[in-house]
Amino acid sequence: TITCSDDISTEATSSAGASVSYDTTATDVGDASLDMTYSAASGSTFAIGTTTVTATATDDSGNVSTCSFDVTVVDTTVPTITCPPALLPVEATSSAGAAVIYNAAVATDIGDDDVTITYSAASGSTFAIGTTTVTVTATDDSSNVSTCSFDVVVTDINAPTITCAAAPGAAEATSSAGAAVSYDAATATDIGDSDLSVVYTAASGSTFAIGTTTVTATATDDNGNSST
């Protein structure tokens with residue numbers, strides 16, 4: 001007569017699984033010292049998942065009895081993940097932002113030696129002007145998940161470059177108010193803004209008083225940087 005252990009469930013202690021010990025008993029009318037064999041020995045390392053252990057008792061007369069039970073090794077421990085250190089702000093290289101490279105996150109796991117790590121925005125991709133939070137996700141073979149996050153900051157502190165048009169020639173007054181004068185628009189460019197706002201202290205085509213009027217053109221980008 002052979003009696004197996006109850007089914008066993010235990011947590012993995014490494015990617016190999018866990019060491020599991022069990023007890024099995026057997027008695028026989030005609031043999032006080034039975035030969036016991038096991039498909040997996042007590043104290044051996046069982047892989048993550050379910051392993052069925054079969055125990056076989058054989059007496060001196062060759063009579064055999066067997067029983068079996070399940071050893072289940074589970075991995076419910078989430079990975080440990082460490083995000084890269086915070087980055088210094090990066091200056092925009094275009095109106096789209098800037099390409100930013102960051103160090104890889106590090107993840108370890110009791111039950112998985114090769115944790116899968118994904119990023120919400122890849123290192124080396126173009127990050128928009130402003131703050132982008134990158135979320136890093138580590139997933140082990142048992143679908144346990146951990147996340148961490150860090151910020152990528154892209155700034156635009158460069159003022160636009162503005163060039164005024166050549167001053168128009170002197171205009172003859174057409175009335176006591178002066179004369180309507182048109183001038184060419186100023187040109188402005190900016191690393192972080194492809195559509196600058198340019199304003200003038202006196203609009204082209206407006207009436208200018210007799211004498212000399214200085215027109216100031218101001219270019220302002222999306223981030224409040226300005227040049228005149």
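Not measured: the values here are computed from a predicted model.
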Keeping [X] on the side-chain end and [Y] on the backbone end, is there a donor-acceptor pair under 3.5 Å?
{"X": "Glu11", "Y": "Thr76", "answer": "yes"}
{"X": "Ser146", "Y": "Pro79", "answer": "yes"}
{"X": "Asp141", "Y": "Ser143", "answer": "no"}
{"X": "Asp7", "Y": "Asp70", "answer": "yes"}
{"X": "Asp31", "Y": "Asp60", "answer": "yes"}
{"X": "Ser94", "Y": "Ala96", "answer": "yes"}

Straight-line distance of [X] [atom1] to [Y] [atom2], nearest 0.5 Å:
{"X": "Asn144", "Y": "Thr77", "atom1": "CG", "atom2": "OG1", "value": "7.0 Å"}
{"X": "Thr3", "Y": "Asp23", "atom1": "OG1", "atom2": "CG", "value": "11.5 Å"}
{"X": "Ser226", "Y": "Ile162", "atom1": "OG", "atom2": "CD1", "value": "9.5 Å"}
{"X": "Asp222", "Y": "Asp195", "atom1": "CG", "atom2": "CG", "value": "7.5 Å"}
{"X": "Asp28", "Y": "Ser61", "atom1": "CG", "atom2": "OG", "value": "7.5 Å"}
{"X": "Phe150", "Y": "Cys83", "atom1": "CZ", "atom2": "SG", "value": "6.0 Å"}

Grouping ILVMFWY residues whenever side-chain heavy atoms fall under 4.5 Å, the cluster of Ile157 otherwise contains none
Any non-hydrogen side-chain atom of [X] less than 4.5 Å from a side-chain atom of [Y]?
{"X": "Asp6", "Y": "Ile8", "answer": "no"}
{"X": "Thr58", "Y": "Asn63", "answer": "no"}
{"X": "Ser9", "Y": "Val74", "answer": "yes"}
{"X": "Ile2", "Y": "Met36", "answer": "yes"}
{"X": "Val90", "Y": "Thr155", "answer": "no"}
{"X": "Asp75", "Y": "Asp140", "answer": "yes"}

Please determine which of Asp156, Asp190, Asp193, Asn158 meets the side chain to side chain donor-acceptor pair (under 3.5 Å) test together with Asn223.
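It is Asp156, the one option of Asp156, Asp190, Asp193, Asn158 that forms the side chain to side chain donor-acceptor pair (under 3.5 Å) with Asn223.
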Going through the checks in order, is the side-chain contact (heavy atoms from CB on, under 4.5 Å) test met by Thr24 and Phe69?
CA-CA 10 Å; Thr24 300; Phe69 61 96; 4.2 Å; yes
Applying ring-ring contact (aromatic ring centres under 6.0 Å, His included), which residue pairs with at least one partner in residues 204-223 are found, sequence neighbours left out?
none
Is it the case that one hydrophobic cluster holds both [X] and [Y], taking links as side-chain heavy atoms less than 4.5 Å apart, direct or via other members?
{"X": "Tyr119", "Y": "Val153", "result": "no"}
{"X": "Val78", "Y": "Ile110", "result": "no"}
{"X": "Val198", "Y": "Val215", "result": "yes"}

Check residues 129-137 and write down every donor-acceptor pair under 3.5 Å in which the side-chain atom is one partner and the other belongs to a residue at least two apart or another chain.
unit_1: Thr133; atom_1: OG1; unit_2: Asp151; atom_2: OD1; d: 2.8

Can you give the donor-acceptor pairs under 3.5 Å from side chains of residues 178-188 to other protein atoms, not counting sequence neighbours?
unit_1: Tyr183; atom_1: OH; unit_2: Ala202; atom_2: O; d: 2.4
unit_1: Tyr183; atom_1: OH; unit_2: Ser204; atom_2: N; d: 3.1

Listing, residues 37-44 side-chain donor-acceptor contacts under 3.5 Å, not counting sequence neighbours, or none:
unit_1: Ser39; atom_1: OG; unit_2: Thr54; atom_2: N; d: 2.8
unit_1: Ser42; atom_1: OG; unit_2: Tyr22; atom_2: N; d: 2.9
unit_1: Ser42; atom_1: OG; unit_2: Tyr22; atom_2: O; d: 3.2
unit_1: Ser44; atom_1: OG; unit_2: Ala41; atom_2: O; d: 2.5

Least distance between heavy atoms, [X] atom then [Y] atom:
{"X": "Cys148", "Y": "Thr82", "value": "SG-C, 4.1 Å"}
{"X": "Ala98", "Y": "Ala92", "value": "CB-CA, 4.1 Å"}
{"X": "Val73", "Y": "Ala47", "value": "CB-O, 3.5 Å"}

Using side-chain hydrogen bond (donor to acceptor under 3.5 Å, both in side chains) as the criterion, list what pairs up with Ser15, not counting sequence neighbours.
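Ser15 satisfies side-chain hydrogen bond (donor to acceptor under 3.5 Å, both in side chains) with Asp113 once adjacent residues are dropped.
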